[in-house]
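So the structure is just underneath, and the comments pick up after that.
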Amino acid sequence: MTETPKVELMYLPENAEKIIEIAGRTAYASYDKIKEDSEKEFIRMIITRRHFSVLEHIVASFRISGVSRALTHQLVRHRLASYTQRSQRFVSEDNFSYIIPPNILQNQKALREFQETISHIQRTYKKLIEFGIKNEDARYILPNATTTEIVMTANLREWRHIFSLRCKPNAQWEIRKLCFIILSILKEKLPNVFFDFTLNEENYTATSKYEE
Ligand SMILES: Cc1cc2nc3c(=O)[nH]c(=O)nc-3n(C[C@H](O)[C@H](O)[C@H](O)COP(=O)(O)OP(=O)(O)OC[C@H]3O[C@@H](n4cnc5c(N)ncnc54)[C@H](O)[C@@H]3O)c2cc1C
């Protein structure tokens, strides 16, 4: 069904913004200016100067589920991130769950056709397994709609880049919603690193004037 992607923050260091400040001040030999809360002004300054490489010192990892293989195919195009995804070779897709795009969900005729086709594929997948076909070959009939689970790790510069592409109105609804959720989590945890992103919950978009 169409569902909200499930997102769990797996890893982010406690003092991430302080680490960024300490790393960044190496460039300016300004360690003497480090004080409680001094990271706020410093990080905002490096972003406005587009000195984004300083943000690469911190990574954040997320466990993502309840999303389609169509979405993860788009996600893994981001080459500077690391991924581990549920395997369709080692894990059976018997009775797989699936994502229905909202436009199909709202169109009765399209929905009926979509669900009949999915049911047919589910039956055929089962039969192929019964005929002795391995998961790795039976999966060739699975649709892009099949749900999956993926763990993704990226540094904060790359996360910013991903949000600037995938939270735009022209990104597809599913990846846009996922990235919006991840951005919301990171913006709450790291208000300075993502200070420039304005979020619009109505259509799950976000914009920044300091995109790369
Ligand atoms: C709205 C939208 C529609 C899209 N439609 C299509 C489509 O129809 N077909 C299609 O194939 N793809 C499509 N894509 C995917 C797109 O082409 C990119 O593959 C994807 O967005 C990853 O972006 P990226 O290469 O900037 O980022 P990442 O892989 O995340 O890399 C980050 C940055 O690192 C640098 N970088 C990374 N690798 C290299 C390299 N090898 N050489 C030089 N610099 C590098 C670049 O500056 C890059 O911007 C679409 C993406 C969007 C957002």
Side-chain angles (χ1 to χ4, degrees), residues 2-5 7-13 16-17 19-20 23-24 27 43 46-86 88 98-105 139-140 142-187 189-190 192-212:
T2 303
E3 48 186 295
T4 298
V7 177
E8 177 202 340
L9 176 60
M10 284 179 60
Y11 173 77
L12 180 68
E17 291 199 331
I19 295 170
I20 292 167
I43 290 174
I46 59 163
I47 288 170
T48 56
R49 288 188 187 181
R50 299 177 186 275
H51 190 172
F52 295 119
S53 61
V54 181
L55 303 177
E56 294 168 17
H57 294 291
I58 298 294
V59 301
S61 306
F62 290 89
R63 176 180 296 284
I64 298 159
S65 57
V67 294
S68 69
R69 298 275 301 199
L71 177 148
T72 56
H73 189 78
Q74 294 175 322
L75 200 58
V76 301
R77 294 296 301 277
H78 293 286
R79 294 157 288 178
L80 306 188
S82 305
Y83 307 91
T84 303
Q85 182 164 17
R86 174 189 161 110
Q88 290 186 329
Y98 53 93
I99 299 294
I100 307 176
N103 280 336
I104 294 181
L105 207 54
R139 68 172 165 167
Y140 279 69
L142 295 172
N144 272 331
T146 310
T147 57
T148 186
E149 184 169 348
I150 192 165
V151 171
M152 176 174 181
T153 300
N155 69 49
L156 298 181
R157 180 185 193 171
E158 178 67 354
W159 278 119
R160 283 182 56 97
H161 175 70
I162 292 169
F163 300 143
S164 69
L165 290 176
R166 303 296 184 176
C167 293
K168 284 230 170 75
N170 66 338
Q172 199 177 357
W173 57 275
E174 193 184 13
I175 195 167
R176 194 171 71 235
K177 192 168 184 181
L178 170 71
C179 288
F180 184 91
I181 294 169
I182 296 174
L183 172 57
S184 307
I185 294 171
L186 285 177
K187 191 173 165 72
K189 299 270 178 197
L190 307 170
N192 299 307
V193 174
F194 296 95
F195 87 96
D196 51 317
F197 278 91
T198 306
L199 279 64
N200 181 351
E201 204 154 347
E202 269 175 31
N203 57 358
Y204 300 109
T205 57
T207 49
S208 154
K209 63 174 176 174
Y210 300 112
E211 291 170 3
E212 282 201 69

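First listed ligand is number 1; within each ligand, the first listed atom is number 1. Since the model is a prediction, treat every value here as computed from it, not as a measurement. Excluded from the calculations below are hydrogen atoms, water molecules and symmetry mates; all remaining heavy atoms, backbone and side chain alike, are included.
Between E212 and R50 there is no salt bridge, since no side-chain nitrogen of the basic residue lies less than 4.0 Å from a carboxylate oxygen of the acidic one.
Distance remark: protein heavy atom not present below 4.0 angstrom from atom 6 (C) of ligand 1. Using a 4.0 Å threshold on non-hydrogen atoms, atom 11 (O) of ligand 1 counts as touching the protein. Distance screen at 4.0 Å: atom 23 (O) of ligand 1 has a protein heavy-atom neighbour inside the cut-off. Atom 49 (O) of ligand 1 is approached by the protein to below 4.0 angstrom, counting heavy atoms only. Within a 4.0 Å radius of atom 52 (C) of ligand 1, the protein contributes at least one heavy atom. Within 4.0 Å of atom 29 (O) of ligand 1, at least one protein heavy atom is present. Less than 4.0 angstrom separates atom 41 (N) of ligand 1 from at least one non-hydrogen atom of the protein. Distance check for atom 18 (C) of ligand 1: every protein heavy atom is found at 4.0 Å or beyond.
Using cut-offs of 30° and 60° on the angle between ring planes, the pair F197 and F194 is tilted.
Considering NZ of K187 and CD1 of I182, their distance stands at 16.0 Å, rounded to 0.5 Å. A distance of 11.5 Å separates CZ in R86 from OG1 in T72, rounded to the nearest 0.5 Å. We find the SG-CD distance between C179 and Q74 to be 9.5 Å, quoted to the nearest 0.5 Å.
Atom numbering of ligand 1 starts at 1 in the shown order; those under 4.0 Å from a heavy atom of H161 are 24 (P), 26 (O), 27 (O), 30 (O), 32 (C), 49 (O). Close approach of ligand 1 to R77 (heavy-atom distance below 4.0 Å) involves ligand atoms 10 (C), 11 (O), 12 (N), 19 (O), 22 (C), 29 (O).
Residues P102 and W173 meet the side-chain proximity criterion, which asks for heavy atoms closer than 4.5 Å. With a 4.5 Å cut-off on side-chain heavy atoms, L55 and N155 do not count as touching.
What sits closest to atom 1 (C) of ligand 1 on the protein, heavy atoms only, is N170 O, 3.7 Å. Scanning the protein for heavy atoms near atom 37 (C) of ligand 1, the closest one is R79 NH2, 3.5 Å. For atom 32 (C) of ligand 1, the closest non-hydrogen atom on the protein side is E158 OE1, 3.3 Å. Regarding atom 34 (O) of ligand 1, its nearest protein heavy-atom neighbour is L80 CD1, 3.5 Å.
In plain terms, the two heavy atoms of P5 and L178 that are nearest each other are CB-CD1, 3.9 Å. The two residues L165 and N170 make their nearest non-hydrogen contact at O-OD1, 4.5 Å.
Looking at R166 against ligand 1, only its side chain comes within 4.0 Å, counting heavy atoms.
Across N200, L199, T198, a single residue satisfies side-chain contact (heavy atoms from CB on, under 4.5 Å) together with T207, and that is T198.
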